[in-house]
Amino acid sequence: MAARVLILLGTNKGVFFLESDAARAEWSLRGPFCDTWPINHVLGDPETGTIWAGGGNGWVGTDVWKTTDLGASWSKSGAGLAFEAPGEEVACVWSFAKQNGTLYAAVNPAALFQSEDGGETWQHLEGLQQHPSRPDWHGGGAGRCGCFTQRGRYTY
């Protein structure tokens with residue numbers, strides 16, 4: 001079977017998939033997924049077929065969405081996406097990266113979380129919050145969405 005190309009789009013109205021064959025002459029659009037939540041980043045893992053989506057806001061909350069069947073079904077979890085000390089709350093997920101089986105989520109305000117179980121539960125990595133220059137960081141026009149840069153296409 002020829003490879004298919006899948007472009008993952010995170011938008012203010014949820015996740016959308018653009019799909020084509022290897023020639024990319026015609027495209028189909030599927031979505032919205034994730035109950036039309038605002039989504040900042042979508043990450044696909046070509047090794048497992050898992051797709052994660054992250055975003056949220058003060059109205060809908062902060063969770064990580066996950067599908068293992070190309071969007072036919074989705075689950076979500078925010079277990080552990082919180083700071084230990086009271087006072088500051090995670091506003092939304094900005095971006096993801098996956099390395100050596102660990103999934104990382106960069107959030108706003110500037111912090112980093114990791115998941116060892118595919119996004120089911122999260123643990124805060126305190127290094128960014130303890131950096132002395134943190135109070136002076138500014139997100140810019142798009143927030144902190146550029147925390148990770150992973151380029152490439154997702155084929156299946």
Side-chain angles (χ1 to χ4, degrees), residues 1-84 89-125 128 139-156:
M1 177 190 315
R4 297 197 48 83
V5 178
L6 181 64
I7 296 176
L8 310 171
L9 301 171
T11 75
N12 283 334
K13 299 200 183 278
V15 171
F16 293 84
F17 296 163
L18 282 168
E19 295 177 90
S20 184
D21 61 16
R24 301 180 196 164
E26 294 183 22
W27 293 86
S28 64
L29 177 68
R30 290 195 299 131
F33 299 109
C34 303
D35 293 343
T36 65
W37 273 36
I39 299 294
N40 297 317
H41 191 213
V42 186
L43 175 68
D45 182 355
E47 292 177 11
T48 66
T50 302
I51 298 171
W52 295 275
N57 62 28
W59 182 258
V60 297
T62 303
D63 282 319
V64 173
W65 292 82
K66 176 180 169 181
T67 181
T68 57
D69 54 15
L70 292 172
S73 62
W74 290 81
S75 62
K76 66 178 176 166
S77 176
L81 274 177
F83 300 118
E84 295 81 11
E89 294 185 15
V90 174
C92 63
V93 174
W94 278 121
S95 58
F96 294 110
K98 185 170 184 256
Q99 184 172 9
N100 300 326
T102 300
L103 184 64
Y104 296 93
V107 302
N108 184 22
L112 187 62
F113 287 80
Q114 73 176 10
S115 175
E116 300 290 341
D117 58 10
E120 299 297 320
T121 60
W122 296 90
Q123 300 80 40
H124 180 217
L125 301 174
L128 285 179
R144 292 183 179 90
C145 59
C147 293
F148 299 118
T149 54
Q150 289 188 325
R151 306 266 186 242
R153 66 177 184 247
Y154 183 71
T155 58
Y156 61 99

Does C92 reach the side chain of N57, with side-chain heavy atoms less than 4.5 Å apart?
no

E116 atom CD, over 12 foreign heavy atoms within 6.0 Å: yes

Sequence neighbours excluded, the answer for side chain to side chain contact (heavy atoms under 4.5 Å, CB included) partners of A79 is S77, T121

*May I ask you to test the I39-L9 pair for a side-chain heavy-atom distance under 4.5 Å?*
no

*Any chance CG of N12 has more than 12 other-residue heavy atoms, nucleotides or ligands included, within less than 6.0 Å?*
no

Are W52 and V42 close enough that some pair of their side-chain heavy atoms sits under 4.5 Å apart?
no

When every non-hydrogen atom of S20 is compared with those of A25, the smallest separation belongs to OG-N, 3.9 Å

**Prompt:** Mind checking whether W74 and F33 have ring centres under 6.0 Å apart?
**Reply:** yes

Answer yes when K98 and D45 have at least one side-chain N-carboxylate O distance shorter than 4.0 Å, and no when they do not. yes

Give the C-alpha distance, both sets of side-chain angles, the deciding distance and a yes or no for side-chain contact (heavy atoms from CB on, under 4.5 Å) between L8 and F17. CA-CA 5 Å; L8 310 171; F17 296 163; 3.6 Å; yes

Heavy atoms of A91 and T62 approach each other most closely as O-OG1, 3.0 Å

Should I7 and F16 count as side-chain neighbours, where that means a heavy-atom distance under 4.5 Å? no

Closest non-hydrogen contact found for A82 with H124 is O-CB, 4.4 Å

Result for side-chain contact (heavy atoms from CB on, under 4.5 Å) between V93 and one of L81, D63, N108 points to L81

query: For V107 and F113, what are the C-alpha separation, side-chain angles and deciding distance, and is it a side-chain contact (heavy atoms from CB on, under 4.5 Å)?
result: CA-CA 8 Å; V107 302; F113 287 80; 3.7 Å; yes

**Report entry** E26 atom CD, over 12 foreign heavy atoms within 6.0 Å
**Finding:** no

Contacts satisfying salt bridge (Lys or Arg N to Asp or Glu O under 4.0 Å) that involve residues 65-74 (not counting sequence neighbours) are K66-E120

task = Apply side chain to side chain donor-acceptor pair (under 3.5 Å) to T102 and Q114, showing your working.
result = CA-CA 7 Å; T102 300; Q114 73 176 10; 5.2 Å; no

Let's go through W65 and T67 carefully: what are the C-alpha distance in whole Å and the side-chain angles of both, what is the deciding distance for side-chain contact (heavy atoms from CB on, under 4.5 Å) to 0.1 Å, and is it a yes or a no? CA-CA 7 Å; W65 292 82; T67 181; over 6 Å; no

Report task. Answer yes or no: is there a donor N or O on one side and an acceptor on the other, between the side chain of R30 and the main chain of L70, under 3.5 Å? Result -> yes

In short, V15 meets A53 closest at the heavy-atom pair CG2-CB, 3.6 Å

Problem - Derivation of the side-chain contact (heavy atoms from CB on, under 4.5 Å) call for T68 and I51 - result: CA-CA 6 Å; T68 57; I51 298 171; over 6 Å; no

For G56 and W37, the nearest pair of non-hydrogen atoms, with its separation, is CA-CE3, 4.1 Å

OH (Y104) and CG (L43) are apart, to the nearest 0.5 Å, by 13.0 Å

